[in-house]
Amino acid sequence: MSVQHYHNLCQRYKGRAVEIKTHRGEVHRGIIRHVDRRRVYLEPLGGKRDLGGFGLGFYGPGWGYGFGYRPGFGYGLALGAIGTLALLPFFLW
């Protein structure tokens, strides 16, 4: 699938819980909070939500002042890295 296809899906599913599998086999579960031209930003489901403000843990490179989308806690995932995207049913989060 193309980056544009996943961009459109992420825009449509903003605010919904999803599971994203990357081409490298990594699995990410979270609520889509923002989508830009390059990344989808997820708020992790369950567990610790404050990722410490380091590197990927706070919306982009840097030490707590990364680039891109800023409000809240979460992380950005490159749209080009997405292999599959699935909606999660309410009872799984």
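This structure is a prediction, so every number in the text was calculated from the model and none was measured.
- Between Tyr13 and Leu87, the closest heavy-atom pair is CG-CD2, 3.6 Å.
- Residue Ile32 holds its CD1 atom at 5.5 Å from CD1 of Ile20, rounded to the nearest 0.5 Å.
- Counting all heavy atoms, side chain and backbone alike, Gly30 lies closest to Leu45 at CA-CG, 3.7 Å.
- Atom CZ of Arg29 sits about 8.5 Å away from atom NZ of Lys21, to the nearest 0.5 Å.
- A distance of 5.0 Å separates CD of Glu43 from CD1 of Ile31, quoted to the nearest 0.5 Å.
- Across Cys10 and Leu85, no two heavy atoms sit closer than the pair SG-CD1, 3.6 Å.
- Counting heavy atoms from C-beta outward, Ile82 and Val40 have side chains that approach closer than 4.5 Å.
- Separation of atoms CG (Leu79) and CZ (Arg37) is listed at 11.0 Å; rounding is to 0.5 Å.
- Scored by the side chain to side chain contact (heavy atoms under 4.5 Å, CB included) test, Gln11 finds His7, Lys14, Val35 as partners (sequence neighbours excluded).
- The two residues Pro44 and Tyr75 come nearest to each other via the heavy atoms CG-CE2, 3.8 Å.
- Annotation: side chain of Asn8 is not in contact with side chain of His5 (no heavy-atom distance under 4.5 Å).
- Between atom NE2 of residue His34 and atom CG of residue Leu42 there is a gap of 12.0 Å, rounded to the nearest 0.5 Å.
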